[in-house]
Amino acid sequence: MNPFFFGPLDHRLYGVYHPPASSQRLSSQVLLCPPFGQEAVRTHRLHRLLAEHLTRQGVHVMRFDYFGTGESAGADQDGTLTQWRDDILMAHAELTLRTRAQHTTWLGTRLGATLAIMASELCDQPPDRLILWEPILNGPAYLKELGEAHARETFVPVVHAQRPSAQVRDEIIGFGVSEAWLKQMNDLSITKLNPQCKEACIHLARAEDTSATAPLSAKCEAMGTRWQHIPTSTSVAWHTEEAGGSALVPPDLLRQLVAASTGGMA
(Lines give C-alpha, C1' and ligand atoms only; values in the text may rest on other atoms or scores of the structure.)
Protein backbone atom coordinates (compact mmCIF):
# COMPACT_ATOMS: atom_id res chain seq x y z
CA MET A 1 0.00 0.00 0.00
CA ASN A 2 1.17 3.53 -0.80
CA PRO A 3 0.24 6.41 1.56
CA PHE A 4 0.34 9.92 0.09
CA PHE A 5 -1.16 13.42 0.26
CA PHE A 6 -3.14 15.01 -2.55
CA GLY A 7 -5.18 18.11 -3.28
CA PRO A 8 -4.30 21.83 -3.17
CA LEU A 9 -1.82 23.11 -0.60
CA ASP A 10 -4.56 24.69 1.51
CA HIS A 11 -6.65 21.52 1.43
CA ARG A 12 -4.34 18.54 1.67
CA LEU A 13 -6.03 15.17 2.00
CA TYR A 14 -4.45 11.93 3.13
CA GLY A 15 -4.93 8.89 0.95
CA VAL A 16 -3.73 5.30 0.75
CA TYR A 17 -3.54 3.61 -2.63
CA HIS A 18 -3.61 -0.18 -2.72
CA PRO A 19 -2.29 -1.40 -6.10
CA PRO A 20 -3.65 -4.71 -7.41
CA ALA A 21 -1.63 -7.88 -7.49
CA SER A 22 0.43 -7.72 -10.66
CA SER A 23 -0.67 -11.18 -11.80
CA GLN A 24 -4.38 -10.34 -11.44
CA ARG A 25 -4.51 -6.70 -12.57
CA LEU A 26 -7.98 -5.63 -13.74
CA SER A 27 -9.32 -2.35 -15.10
CA SER A 28 -11.52 -1.85 -12.02
CA GLN A 29 -11.18 0.52 -9.07
CA VAL A 30 -12.93 0.90 -5.72
CA LEU A 31 -13.01 4.10 -3.66
CA LEU A 32 -13.77 3.56 0.04
CA CYS A 33 -15.71 6.43 1.63
CA PRO A 34 -15.35 6.31 5.43
CA PRO A 35 -18.00 7.10 8.04
CA PHE A 36 -17.86 9.77 10.76
CA GLY A 37 -16.18 9.87 14.16
CA GLN A 38 -16.13 6.71 16.25
CA GLU A 39 -17.72 4.84 13.35
CA ALA A 40 -14.57 5.56 11.33
CA VAL A 41 -12.48 4.21 14.20
CA ARG A 42 -14.59 1.06 14.24
CA THR A 43 -14.30 0.40 10.51
CA HIS A 44 -10.67 1.41 9.89
CA ARG A 45 -9.29 -2.13 10.09
CA LEU A 46 -12.22 -3.55 8.13
CA HIS A 47 -11.61 -1.07 5.29
CA ARG A 48 -7.91 -1.95 5.25
CA LEU A 49 -8.63 -5.69 5.10
CA LEU A 50 -11.31 -5.11 2.47
CA ALA A 51 -8.75 -3.24 0.36
CA GLU A 52 -6.26 -6.10 0.73
CA HIS A 53 -8.87 -8.68 -0.32
CA LEU A 54 -9.84 -6.64 -3.36
CA THR A 55 -6.26 -6.07 -4.51
CA ARG A 56 -5.69 -9.83 -4.44
CA GLN A 57 -8.52 -10.03 -6.99
CA GLY A 58 -6.83 -7.46 -9.23
CA VAL A 59 -8.78 -4.35 -8.16
CA HIS A 60 -7.25 -0.90 -7.58
CA VAL A 61 -8.38 0.46 -4.18
CA MET A 62 -8.04 3.82 -2.45
CA ARG A 63 -8.84 4.85 1.11
CA PHE A 64 -8.74 8.48 2.27
CA ASP A 65 -9.54 10.86 5.12
CA TYR A 66 -11.91 13.79 4.71
CA PHE A 67 -10.64 17.30 5.38
CA GLY A 68 -10.42 17.90 9.13
CA THR A 69 -10.35 14.16 9.91
CA GLY A 70 -7.70 11.50 10.36
CA GLU A 71 -4.34 12.39 8.80
CA SER A 72 -5.73 15.04 6.46
CA ALA A 73 -5.17 18.75 7.04
CA GLY A 74 -7.65 20.86 8.98
CA ALA A 75 -9.24 20.75 12.42
CA ASP A 76 -12.37 18.85 13.42
CA GLN A 77 -14.52 21.97 13.17
CA ASP A 78 -13.39 22.64 9.58
CA GLY A 79 -15.40 19.74 8.22
CA THR A 80 -18.87 20.09 6.66
CA LEU A 81 -21.01 17.65 4.72
CA THR A 82 -20.65 19.62 1.49
CA GLN A 83 -16.89 19.79 1.96
CA TRP A 84 -16.65 16.04 2.54
CA ARG A 85 -18.91 15.45 -0.47
CA ASP A 86 -16.42 17.43 -2.58
CA ASP A 87 -13.53 15.49 -1.01
CA ILE A 88 -15.01 12.30 -2.46
CA LEU A 89 -14.97 13.89 -5.91
CA MET A 90 -11.34 14.93 -5.37
CA ALA A 91 -10.39 11.43 -4.21
CA HIS A 92 -12.20 9.89 -7.19
CA ALA A 93 -10.26 12.11 -9.59
CA GLU A 94 -6.97 11.22 -7.88
CA LEU A 95 -7.65 7.49 -8.03
CA THR A 96 -8.72 7.63 -11.67
CA LEU A 97 -5.59 9.61 -12.55
CA ARG A 98 -3.47 6.85 -11.01
CA THR A 99 -5.27 3.86 -12.52
CA ARG A 100 -7.07 4.88 -15.73
CA ALA A 101 -9.55 2.17 -14.74
CA GLN A 102 -12.64 1.63 -16.86
CA HIS A 103 -14.97 0.43 -14.09
CA THR A 104 -15.52 2.38 -10.85
CA THR A 105 -17.21 1.45 -7.58
CA TRP A 106 -17.74 3.76 -4.63
CA LEU A 107 -18.30 1.95 -1.34
CA GLY A 108 -19.57 4.15 1.47
CA THR A 109 -20.15 3.25 5.10
CA ARG A 110 -22.83 5.02 7.16
CA LEU A 111 -22.37 8.79 6.64
CA GLY A 112 -19.76 7.93 3.99
CA ALA A 113 -22.51 6.20 2.01
CA THR A 114 -24.70 9.29 2.25
CA LEU A 115 -21.84 11.53 1.14
CA ALA A 116 -21.18 9.16 -1.78
CA ILE A 117 -24.78 9.60 -2.92
CA MET A 118 -24.41 13.38 -2.67
CA ALA A 119 -21.13 13.31 -4.61
CA SER A 120 -22.57 11.06 -7.32
CA GLU A 121 -25.09 13.78 -8.15
CA LEU A 122 -22.25 16.17 -9.04
CA CYS A 123 -19.85 13.76 -10.74
CA ASP A 124 -19.36 14.22 -14.51
CA GLN A 125 -18.78 10.48 -14.78
CA PRO A 126 -20.77 8.82 -11.95
CA PRO A 127 -19.52 5.50 -10.64
CA ASP A 128 -20.68 2.32 -12.30
CA ARG A 129 -21.63 0.91 -8.93
CA LEU A 130 -22.64 2.52 -5.63
CA ILE A 131 -22.45 0.34 -2.51
CA LEU A 132 -24.23 1.78 0.51
CA TRP A 133 -23.57 0.12 3.85
CA GLU A 134 -26.21 1.35 6.33
CA PRO A 135 -26.41 4.90 4.89
CA ILE A 136 -27.60 7.79 7.06
CA LEU A 137 -30.91 8.90 5.54
CA ASN A 138 -32.37 11.10 8.29
CA GLY A 139 -30.07 13.78 9.66
CA PRO A 140 -32.08 14.79 12.77
CA ALA A 141 -32.54 11.13 13.75
CA TYR A 142 -28.80 10.55 13.34
CA LEU A 143 -28.01 13.58 15.52
CA LYS A 144 -30.34 12.19 18.18
CA GLU A 145 -28.54 8.84 17.96
CA LEU A 146 -25.15 10.55 18.24
CA GLY A 147 -26.26 12.77 21.13
CA GLU A 148 -27.56 9.84 23.15
CA ALA A 149 -24.33 7.93 22.49
CA HIS A 150 -22.23 10.91 23.55
CA ALA A 151 -24.19 11.32 26.79
CA ARG A 152 -23.87 7.61 27.52
CA GLU A 153 -20.15 7.31 26.72
CA THR A 154 -19.06 10.47 28.54
CA PHE A 155 -21.10 9.97 31.72
CA VAL A 156 -18.93 9.10 34.71
CA PRO A 157 -21.09 8.59 37.83
CA VAL A 158 -18.31 9.41 40.30
CA VAL A 159 -17.65 12.70 38.48
CA HIS A 160 -21.03 13.87 37.16
CA ALA A 161 -24.03 14.54 39.39
CA GLN A 162 -26.32 13.79 36.46
CA ARG A 163 -26.08 12.40 32.94
CA PRO A 164 -24.91 14.98 30.37
CA SER A 165 -27.40 16.44 27.91
CA ALA A 166 -28.08 14.34 24.84
CA GLN A 167 -28.23 17.42 22.63
CA VAL A 168 -25.27 17.62 20.26
CA ARG A 169 -23.40 20.88 20.69
CA ASP A 170 -19.75 20.97 19.59
CA GLU A 171 -18.44 17.47 20.29
CA ILE A 172 -19.50 13.87 19.69
CA ILE A 173 -17.54 11.25 21.64
CA GLY A 174 -14.22 13.03 21.20
CA PHE A 175 -14.82 14.48 17.72
CA GLY A 176 -15.54 18.19 17.32
CA VAL A 177 -18.28 19.48 15.03
CA SER A 178 -19.13 22.99 13.83
CA GLU A 179 -22.40 24.89 13.64
CA ALA A 180 -22.26 24.53 9.86
CA TRP A 181 -21.91 20.75 10.17
CA LEU A 182 -24.87 20.60 12.56
CA LYS A 183 -27.04 22.75 10.29
CA GLN A 184 -26.29 20.60 7.27
CA MET A 185 -26.95 17.44 9.25
CA ASN A 186 -30.30 18.80 10.43
CA ASP A 187 -31.19 19.49 6.80
CA LEU A 188 -30.27 15.98 5.64
CA SER A 189 -33.26 14.02 4.36
CA ILE A 190 -33.73 11.01 2.12
CA THR A 191 -36.05 13.10 -0.06
CA LYS A 192 -33.06 15.27 -1.06
CA LEU A 193 -30.83 12.33 -2.04
CA ASN A 194 -30.67 11.25 -5.69
CA PRO A 195 -28.13 8.47 -6.25
CA GLN A 196 -26.48 8.47 -9.66
CA CYS A 197 -24.68 5.42 -11.01
CA LYS A 198 -24.47 3.62 -14.33
CA GLU A 199 -24.96 0.01 -13.34
CA ALA A 200 -26.28 -0.74 -9.87
CA CYS A 201 -26.94 0.74 -6.45
CA ILE A 202 -26.42 -1.88 -3.75
CA HIS A 203 -27.71 -1.45 -0.20
CA LEU A 204 -26.27 -3.49 2.68
CA ALA A 205 -28.18 -3.48 5.94
CA ARG A 206 -30.15 -5.66 8.27
CA ALA A 207 -33.33 -7.07 6.75
CA GLU A 208 -35.58 -4.89 8.91
CA ASP A 209 -34.03 -1.71 7.47
CA THR A 210 -35.27 -2.20 3.88
CA SER A 211 -38.46 -0.09 4.08
CA ALA A 212 -36.53 3.06 4.96
CA THR A 213 -34.77 3.02 1.59
CA ALA A 214 -37.92 2.74 -0.55
CA PRO A 215 -37.60 6.33 -1.90
CA LEU A 216 -34.03 5.61 -3.04
CA SER A 217 -34.89 2.34 -4.73
CA ALA A 218 -37.81 4.03 -6.51
CA LYS A 219 -35.53 6.79 -7.83
CA CYS A 220 -32.99 4.25 -9.08
CA GLU A 221 -35.62 2.16 -10.81
CA ALA A 222 -37.11 5.29 -12.43
CA MET A 223 -33.69 6.00 -13.97
CA GLY A 224 -33.28 2.42 -15.14
CA THR A 225 -30.59 1.68 -12.54
CA ARG A 226 -30.72 -1.65 -10.75
CA TRP A 227 -31.37 -1.45 -7.00
CA GLN A 228 -30.35 -4.41 -4.86
CA HIS A 229 -30.69 -4.97 -1.14
CA ILE A 230 -28.25 -7.37 0.49
CA PRO A 231 -29.34 -8.36 4.02
CA THR A 232 -26.60 -8.74 6.58
CA SER A 233 -26.82 -10.42 9.94
CA THR A 234 -24.10 -8.17 11.37
CA SER A 235 -25.41 -5.85 14.07
CA VAL A 236 -22.91 -3.11 14.89
CA ALA A 237 -22.75 -1.06 18.10
CA TRP A 238 -21.52 1.92 16.12
CA HIS A 239 -20.94 4.41 18.90
CA THR A 240 -19.04 2.55 21.57
CA GLU A 241 -15.98 4.70 22.18
CA GLU A 242 -12.98 3.29 20.32
CA ALA A 243 -14.93 0.05 20.02
CA GLY A 244 -13.95 -0.83 23.57
CA GLY A 245 -10.54 -1.72 22.19
CA SER A 246 -12.02 -4.24 19.75
CA ALA A 247 -11.88 -4.27 15.95
CA LEU A 248 -14.87 -4.68 13.68
CA VAL A 249 -14.04 -7.37 11.12
CA PRO A 250 -16.96 -9.82 10.89
CA PRO A 251 -15.93 -12.46 8.32
CA ASP A 252 -19.40 -12.76 6.77
CA LEU A 253 -19.68 -9.00 6.35
CA LEU A 254 -16.22 -8.78 4.80
CA ARG A 255 -17.18 -11.52 2.34
CA GLN A 256 -20.37 -9.67 1.41
CA LEU A 257 -18.55 -6.39 0.84
CA VAL A 258 -15.94 -8.06 -1.36
CA ALA A 259 -18.61 -9.83 -3.39
CA ALA A 260 -20.66 -6.65 -3.82
CA SER A 261 -17.56 -4.71 -4.90
CA THR A 262 -16.57 -7.27 -7.53
CA GLY A 263 -20.01 -8.08 -8.90
CA GLY A 264 -20.23 -11.40 -7.11
CA MET A 265 -23.76 -10.63 -5.90
CA ALA A 266 -25.15 -9.34 -9.18
Audit row: Phe64, Leu95, side-chain contact (heavy atoms from CB on, under 4.5 Å) steps and yes/no: CA-CA 10 Å; Phe64 73 101; Leu95 176 59; over 6 Å; no
Criterion side-chain contact (heavy atoms from CB on, under 4.5 Å) on Gln184 and Leu188, from CA distance to verdict: CA-CA 6 Å; Gln184 291 180 357; Leu188 177 62; over 6 Å; no
Apply side-chain contact (heavy atoms from CB on, under 4.5 Å) to the pair Leu115 and Phe36, showing each step before the final yes or no. CA-CA 11 Å; Leu115 296 169; Phe36 164 75; over 6 Å; no
Applying side-chain contact (heavy atoms from CB on, under 4.5 Å) to Leu32 and Val30, what does each step give before you reach the verdict? CA-CA 6 Å; Leu32 301 181; Val30 173; 3.8 Å; yes
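Side-chain atoms of Ser27 come within 3.5 Å of backbone atoms of Gln102 as a donor-acceptor pair (strictly under, hydrogens ignored). In this structure a side-chain-to-backbone donor-acceptor pair under 3.5 Å is missing from Lys198 to Thr104. With hydrogens and angles disregarded, a donor-acceptor distance shorter than 3.5 Å links the side chain of Arg129 to the backbone of Ala260. A donor-acceptor pair is defined here as one N or O able to donate and one able to accept, closer than 3.5 Å; such a pair exists between the side chain of Asp78 and the backbone of Ala75. Side-chain atoms of Thr213 do not come within 3.5 Å of backbone N or O of Leu216 as any donor-acceptor pair. Side-chain N or O atoms of Thr69 include none that pairs as donor or acceptor with a backbone N or O of Asp65 at under 3.5 Å. Side-chain N or O atoms of Thr43 include none that pairs as donor or acceptor with a backbone N or O of Leu46 at under 3.5 Å. Listed for the Glu71 side chain is no donor-acceptor partner under 3.5 Å among the backbone atoms of Tyr14. Ser72 places no side-chain N or O within donor-acceptor distance of the main-chain N or O of Gly68, the cut-off being under 3.5 Å. In terms of modelled atom types and a separation under 3.5 Å, the side chain of Thr114 and the main chain of Ile136 share a donor-acceptor contact.
Defined by atom type and a distance below 3.5 Å, a donor-acceptor pair is missing between the side-chain atoms of Thr225 and Glu199. Between Asp252 and Gln256, the side chains place no donor N or O within less than 3.5 Å of an acceptor N or O (distance only, hydrogens not considered). Under the 3.5 Å distance criterion, with hydrogens and angles disregarded, no donor-acceptor pair is assigned to the side chains of Trp227 and His203.
Here the CD1 atom belonging to Ile88 is positioned 8.5 Å from the CE atom belonging to Met118, to the nearest 0.5 angstrom. Summarising the geometry, atom NE2 belonging to His60 is positioned 8.0 Å from atom OG belonging to Ser28; distances are rounded to the nearest 0.5 Å. Once rounded to the nearest 0.5 Å, the distance linking OH of Tyr142 with CG of Leu111 reads 5.5 Å. Rounding to the nearest 0.5 angstrom, the gap separating the OG atom in Ser120 from the NE2 atom in His92 is 11.0 Å. From Gln38, atom CD reaches atom NE2 of His150 across 11.0 Å, with rounding to the nearest 0.5 Å. In this structure, CG on Leu122 lies 5.0 Å from CZ on Arg85, to the nearest 0.5 angstrom.
Taking the six-membered ring where the residue is Trp, His11 and Phe67 present parallel rings, their angle staying beneath 30° rather than reaching 60°. Ring geometry for Tyr66 against Trp84 counts as parallel: the plane angle stays under 30°, on a 0 to 90° scale with 60° as the upper cut.
Looking only at side-chain heavy atoms (C-beta outward), Leu204 and Leu132 stay at 4.5 Å or farther from each other. With contacts defined as side-chain heavy-atom distances shorter than 4.5 Å, the pair Met62/Glu94 qualifies. Under the 4.5 Å side-chain criterion, counting only non-hydrogen atoms from C-beta, Trp106 is in contact with Cys123. Side-chain contact between Arg63 and His44 is present, with at least one heavy-atom pair separated by less than 4.5 Å.
The cationic atom of Arg98 (NZ for Lys, CZ for Arg) does not lie both less than 6.0 Å from the six-membered ring centre of Phe6 and within 45° of the ring axis.
Counting heavy-atom neighbours within 6.0 Å of Glu171 CD, excluding the residue itself, gives a total above 12.
Linking Ile, Leu, Val, Met, Phe, Trp and Tyr whenever their side-chain heavy atoms come within less than 4.5 Å leaves Val16 and Val61 in two separate clusters. Met1 and Phe5 end up in the same hydrophobic cluster when Ile, Leu, Val, Met, Phe, Trp and Tyr side chains are linked at under 4.5 Å. Hydrophobic clustering of Ile, Leu, Val, Met, Phe, Trp and Tyr side chains at less than 4.5 Å, counting indirect connections, unites Phe4 with Met90.
For the pair Arg110 and Glu145, the salt-bridge criterion is met [side-chain N within less than 4.0 Å of a carboxylate O]. A salt bridge links Arg48 to Glu52: one of the charged nitrogens lies within less than 4.0 Å of a carboxylate oxygen. With salt bridges taken as basic N to acidic carboxylate O contacts below 4.0 Å, none links Glu148 and Arg152.
Among Leu107, Leu253, Thr109, the one residue that satisfies the side-chain contact (heavy atoms from CB on, under 4.5 Å) test with Leu50 is Leu107.
Closest heavy-atom contact between Ala119 and Leu89: O-CD2, 3.5 Å.
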